[in-house]
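The figures that follow rest on heavy atoms only: side chains count, while hydrogens, waters and symmetry mates do not. Computed from a predicted model, the values in this text were never measured in an experiment.
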Amino acid sequence: MTTPSFITINSVITPNISGGEAQTLNESYGGITEYRGEYRRISYERKEIDSTYSTQITFSTKDRNRLYVRRHGDISSDMLFEVGHTHAFLYSVSTYSFDASVTATSLVISDDSDNGKINISVKYLLTVGNETSICEMHIKSEEKDG
């Protein structure tokens, strides 16, 4: 089953482990939520003046210890968030790519499919080169009425 959804993403990135000025991102999109057996996928597209990319966020209701976030288009990456594990990935933008890794420190997934609501919170360390940032991302998907 696929349903039109409102998707809200709230992120905070604090550069460097030692601190620094936090960057906050609050965005909302129209998208879809797919229900396929035990799997849930939240998808949306982001269009800017000079770039377009799609994001898919996938998890299993039977294993809520893993969260996959895939972006493709002018920005591309495949990230796996799994508490206590570090996962490397390639982050690509139109003219360059770089290696990065994520280590999830907390992952909470609330799946209230009966009421058309999914809430995801993940806290993680993002490492690019020798720089590590403390990050958190909150994702909310709610079915559109009618």
- CZ of F6: more than 12 outside heavy atoms within 6.0 angstrom?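 No, the 6.0 Å shell around CZ holds no more than 12 heavy atoms from other groups.
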
- Query: Do the side chains of Y35 and R40 get nearer than 4.5 Å, heavy atoms only?
  - Reply: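 Yes; the side chains approach each other to less than 4.5 Å.
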
With sequence neighbours excluded, tell me which residues meet ring pair (Phe, Tyr, Trp, His ring centres under 6.0 Å) with [X].
X: F59; result: none
X: F98; result: Y91
X: Y29; result: Y44

Hydrophobic cluster identity match, [X] and [Y], side-chain contacts under 4.5 Å:
X: F89; Y: V93; result: yes
X: L25; Y: L67; result: no
X: I134; Y: V108; result: no

- Message: Determine whether N65 and V83 satisfy the following criterion, side-chain contact (heavy atoms from CB on, under 4.5 Å), listing intermediate values before the conclusion.
- Response: CA-CA 7 Å; N65 296 314; V83 175; 5.8 Å; no

[X] [atom1] to [Y] [atom2] distance, which is reported to the nearest 0.5 Å:
X: E34; Y: T58; atom1: CD; atom2: OG1; answer: 8.0 Å
X: I9; Y: I57; atom1: CD1; atom2: CD1; answer: 4.5 Å
X: M137; Y: L126; atom1: CE; atom2: CG; answer: 10.5 Å
X: H87; Y: Y124; atom1: NE2; atom2: OH; answer: 14.0 Å
X: T105; Y: L125; atom1: OG1; atom2: CG; answer: 6.0 Å
X: H72; Y: Y53; atom1: NE2; atom2: OH; answer: 11.5 Å

Are the side chain of [X] and the backbone N or O of [Y] linked by a donor-acceptor pair below 3.5 Å?
X: D74; Y: T52; answer: yes
X: T24; Y: V12; answer: no
X: S77; Y: I75; answer: no

Show me the donor-acceptor pairs, under 3.5 Å and distance only, between side chains in residues 115-123 and residues at least two apart or in other chains.
{"residue": "N115", "atom": "ND2", "partner": "D112", "partner atom": "OD1", "Å": "3.2"}
{"residue": "N115", "atom": "ND2", "partner": "D112", "partner atom": "OD2", "Å": "3.0"}
{"residue": "S121", "atom": "OG", "partner": "H138", "partner atom": "ND1", "Å": "2.8"}

- What residues form a salt bridge (Lys or Arg N to Asp or Glu O under 4.0 Å) with E45, not counting sequence neighbours? K47

- Item | Counterpart residues, salt bridge (Lys or Arg N to Asp or Glu O under 4.0 Å), relative to D78 (two or more places apart) | R70

- Task: For R66 and L80, run side-chain contact (heavy atoms from CB on, under 4.5 Å): C-alpha distance rounded to whole Å, both residues' side-chain angles, the deciding distance at 0.1 Å, then the answer.
- Result: CA-CA 7 Å; R66 292 183 180 162; L80 170 59; 4.1 Å; yes

Please report the shortest heavy-atom distance between [X] and [Y], naming the atom on each side.
X: S133; Y: I13; value: CB-CG2, 3.9 Å
X: I7; Y: S141; value: CG1-OG, 4.3 Å
X: V128; Y: A100; value: CG2-CB, 3.9 Å

